Amino acid sequence: MKIGIIALSLNQSAIPGFYNSQELGMGKALAAAGHTVVVYKLFSHTLLPEAKTEQVSERLLFTQLPARALGINGFFDKRLLDASMDTLICFCDTQLYTKSVAKWCELNNVQFYPYVGVIQSASTNPLKKRLMDTLTKRLIRFYRKQPVVWGKTPALCAALSSLGVTRARLVPIGLDKELLHEDYHHADAAALKQAHGFSADAQILLFIGRLVPEKEPLTMVALFARLHKKNPRLRLCMIGTGELEDAVQAAVADAGLADAVTLLPRVPNGDMWEFYHMSCCYVNLNHHEIYGMAILEAMYYDCPVAAFRAPGPDFILDGGRFGSLCSSEEELLSAILAFSTPSDAAASITADARERVLSKFLWERCLPEFRDVS
């Protein structure tokens with residue numbers, strides 16, 4: 001079977017040639033199952049004037065498409081899609097171009113699989129949020145007519161069902177096995193800390209994500225200020241860029257934490273395992289987290305997770321069995337302090353969490369269809 005995979009969102013700052021996408025991870029798993037796969041990734045037309053295709057493996061093509069943007073919505077020339085494919089899996093959420101791509105599939109006799117992670121706008125702009133939620137209502141009517149709709153979490157599937165999308169099916173996002181560092185446990189955590197500028201006995205809290213309001217980076221700095229007073233050995237490592245970057249730097253300086261907080265705009269994907277391995281806790285503060293790939297990565301690398309309750313963390317951590325799910329800042333502070341002190345209980349949680357990832361959250365485990373060639 002020939003399968004296409006595309007995500008309709010567009011990060012305008014993403015650089016062509018640099019990618020680590022969920023779509024590509026899915027594509028590798030489907031190609032390994034014997035299918036012929038082409039993965040499409042959208043990039044700003046100002047950075048990528050023309051489409052570019054590369055052969056990832058014998059059965060897998062990766063095509064970068066130039067696109068125009070309206071917010072995070074990508075719009076591209078559908079004539080660049082391969083009309084000979086049998087199926088198109090579309091990461092679409094609330095994207096405005098969803099119905100147009102589905103219409104292209106109908107005209108070309110291509111089966112359309114919408115893959116949905118969120119059905120409400122996460123915008124902090126009230127006007128933009130109302131507009132997007134109004135448009136999403138129309139999209140829900142479209143989803144009701146589809147033979148199947150894939151949902152990333154049980155909460156999302158339940159929400160779709162409550163809105164009349166009766167054929168919603170749970171398909172979790174998986175990790176790309178090729179990108180995981182299997183021998184991480186042989187590495188000396190103390191040596192890694194020193195290599196990245198920390199003392200060997202530092203206890204590192206890890207925050208990974210865009211520095212934007214919904215990720216709560218300023219809250220992370222404020223919480224760390226309280227934690228550092230209780231445990232001066234704690235250090236905070238924040239990896240990410242975004243509109244709040246200057247505000248985060250100012251907050252760190254105002255709190256007198258310049259010597260205790262490390263801000264890194266980005267880390268090569270091949271080196272990320274080092275940060276998980278040397279950290280005592282990964283922290284996720286997004287109250288509306290729809291999934292949480294970094295949570296899965298932390299679990300794989302035996303790094304305990306503390307997160308606010310949200311659809312993604314609730315599902316991945318199974319209600320708190322495989323990490324700390326918190327309803328308040330006080331609960332979160334207690335969980336982080338507990339993880340900063342090694343214990344048999346914490347070791348047991350992380351071991352079970354890693355096994356959960358291996359058994360349920362690799363792409364080869366996640367896909368309900370297409371596991372074998374049709």
Side-chain angles (χ1 to χ4, degrees), residues 1-9 19-41 56-57 59-60 62 86-93 111-119 143 146-161 165 167-182 269 284 289-301 305 310-319 321-323 352-374:
M1 179 182 290
K2 181 181 285 188
I3 300 173
I5 303 170
I6 191 169
L8 300 183
S9 59
Y19 44 81
N20 172 22
S21 68
Q22 297 173 358
E23 313 90 78
L24 191 54
M26 175 190 280
K28 290 177 183 177
L30 290 173
H35 300 284
T36 299
V37 184
V38 57
V39 174
Y40 298 97
K41 185 79 173 175
V56 178
S57 66
R59 292 182 175 273
L60 178 61
F62 184 80
D86 300 296
T87 297
L88 180 66
I89 299 170
C90 184
F91 289 64
C92 46
D93 293 341
Q111 189 173 16
F112 181 72
Y113 275 75
Y115 196 12
V116 183
V118 62
I119 53 174
Y143 286 150
Q146 301 308 301
V148 65
V149 176
W150 285 358
K152 295 179 182 178
T153 65
L156 191 281
C157 289
L160 286 170
S161 180
V165 184
R167 290 176 290 276
R169 184 171 190 172
L170 176 62
V171 181
I173 291 288
L175 292 180
D176 183 346
K177 192 173 182 179
E178 284 188 12
L179 301 180
L180 298 174
H181 188 78
E182 295 185 4
N269 185 66
N284 186 302
E289 182 67 74
I290 63 172
Y291 207 74
M293 295 299 288
I295 293 176
L296 287 178
E297 291 173 352
M299 291 165 67
Y300 177 85
Y301 291 115
V305 175
D314 284 354
F315 172 46
I316 295 171
L317 298 175
D318 195 17
R321 288 181 58 203
F322 301 99
D352 290 344
R354 184 172 191 275
E355 181 55 36
R356 176 168 171 77
V357 172
L358 292 173
S359 62
K360 294 183 178 297
F361 292 105
L362 299 179
W363 269 121
E364 62 199 58
R365 307 281 188 183
C366 295
L367 299 171
E369 290 133 308
F370 315 124
R371 285 200 178 112
D372 300 301
V373 177
S374 303

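This structure is a prediction, so every number in the text was calculated from the model and none was measured. Residues take their numbers from the sequence shown, with the count starting at 1.
A 4.5 Å side-chain heavy-atom check between F315 and L170 finds at least one atom pair inside the cut-off. You'll find the side chain of D93 stays beyond 4.5 Å of the side chain of L8, heavy atoms only. Annotation: side chain of L175 is in contact with side chain of M293 (closest heavy-atom distance under 4.5 Å). Between F91 and M26, some side-chain heavy-atom pair lies under the 4.5 Å cut-off. Taking the side chain as every heavy atom from C-beta outward, C90 and I6 approach each other to under 4.5 Å. Side-chain contact between V165 and V116 is absent, with no heavy atoms from C-beta onward closer than 4.5 Å. R354 has its side chain out of reach of F322: every pair of non-hydrogen atoms, C-beta onward, lies at least 4.5 Å apart. With a 4.5 Å cut-off on side-chain heavy atoms, K360 and P172 do not count as touching.
In this view, R167 satisfies the salt bridge (Lys or Arg N to Asp or Glu O under 4.0 Å) rule with no residue, not counting sequence neighbours. Legend: residues meeting salt bridge (Lys or Arg N to Asp or Glu O under 4.0 Å) with D352, ordered by chain and number and at least two apart, are absent. Here E178 pairs with K28 under the salt bridge (Lys or Arg N to Asp or Glu O under 4.0 Å) rule; sequence neighbours left out. With sequence neighbours excluded, no residue forms a side-chain contact (heavy atoms from CB on, under 4.5 Å) with A32. V38 meets the side-chain contact (heavy atoms from CB on, under 4.5 Å) test with Y40, L61, T63; sequence neighbours excluded.
The closest donor-acceptor contact from the side chain of Y301 to the backbone of H181 lies under 3.5 Å. A distance-only check finds no donor-acceptor pair linking the side chain of W363 to the backbone of D176 [under 3.5 Å]. Between the R356 side chain and the F361 main chain, no donor and acceptor come within less than 3.5 Å of each other. Panel note: side chain Y115, backbone V171; a donor-acceptor pair is recorded below 3.5 Å. A donor-acceptor pair under 3.5 Å links the side-chain atoms of Y291 to the main chain of I173, judged by distance alone.
Rounded to the nearest 0.5 Å, atoms CG (N284) and CD1 (I316) are 9.0 Å apart. Separating the CG atom in L358 from the CD atom in E355 is a distance of 5.5 Å, to the nearest 0.5 Å. Annotation: the span from L317 atom CG to M299 atom CE amounts to 5.5 Å, rounded to 0.5 Å.
Shortest non-hydrogen contact noted between M1 and T87 is SD-OG1, 3.8 Å. Closest of all the heavy-atom pairs between S21 and K41 is CB-NZ, 3.6 Å. Between L24 and V39, the shortest heavy-atom distance links the atoms N-CG1, 4.0 Å. Shown here for L60 and A31, the closest heavy-atom pair between the two residues is CB-CB, 4.1 Å. Here the closest heavy-atom approach between residue A159 and residue I119 is recorded as CB-CD1, 3.8 Å. Annotation for E289 and A310: closest pair N-CB, 3.5 Å, computed over non-hydrogen atoms.
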Show me the donor-acceptor pairs, under 3.5 Å and distance only, between side chains in residues 150-157 and residues at least two apart or in other chains.
from	atom 1	to	atom 2	distance (Å)
W150	NE1	E369	OE1	3.4
T153	OG1	L156	N	3.1

(message) Please determine whether side-chain contact (heavy atoms from CB on, under 4.5 Å) holds for the pair I5 and L30, giving the CA-CA distance in whole Å, both sets of side-chain angles, and the decisive distance to 0.1 Å.
(response) CA-CA 10 Å; I5 303 170; L30 290 173; 3.9 Å; yes
